[in-house]
Amino acid sequence: MQASDRFNINSQLEHLQAKYVGTGHADLNRFEWAVNIQRDSYASYVGHYPMLAYFAIAENESIGRERYNFMQKMLLPCGLPPDKEED
């Protein structure tokens, strides 16, 4: 791998990270990464009707109730954030 290839790959990664929030960055901690993954998943479930219908049937709830539950879970998908450590 040449130096120009590494530069090209790094510039593409920086472009993706600037364009899409869910791709993360170097300063992203584990909790923030998990929150992004959970919110992306819930948004996908709400946005794709067949998947939402599948969850509604599996949990024996109405589709509207499942949509509401997923929207509520998007607020704090992984619970409260951990305490920040002072440096």
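On a predicted model such as this, the values are computed, not experimentally measured, just so you know.
- Atom NZ in K73 sits 9.0 Å away from atom CD in Q38 (nearest 0.5 Å).
- The shortest heavy-atom contact between L52 and V46 is CD2-O, 4.2 Å.
- Residues satisfying the side chain to side chain contact (heavy atoms under 4.5 Å, CB included) criterion with V35, sequence neighbours excluded, are F31, R39, P77, C78.
- Hydrophobic cluster membership differs between L76 and M71, with clusters built from Ile, Leu, Val, Met, Phe, Trp and Tyr side chains linked at under 4.5 angstrom.
- H15 meets the side chain to side chain contact (heavy atoms under 4.5 Å, CB included) test with K19; sequence neighbours excluded.
- If you chain together hydrophobic residues whose side chains sit under 4.5 Å apart, W33 and M74 never meet in one group.
- A continuous path of Ile, Leu, Val, Met, Phe, Trp and Tyr side chains, each step under 4.5 Å between heavy atoms, connects Y49 with M51, placing both in one hydrophobic cluster.
- To the nearest 0.5 Å, the span separating CD1 on I57 from OG on S62 amounts to 12.0 Å.
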Next item on the list: Could you please spell out the steps behind the side-chain contact (heavy atoms from CB on, under 4.5 Å) verdict for F55 and N69?
Entry: CA-CA 11 Å; F55 281 114; N69 288 340; over 6 Å; no
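- Between the CD1 atom in I37 and the OH atom in Y42 there is a gap of 12.5 Å [rounded to 0.5 Å].
- Atom OH in Y54 sits 12.0 Å away from atom CD in E66 (nearest 0.5 Å).
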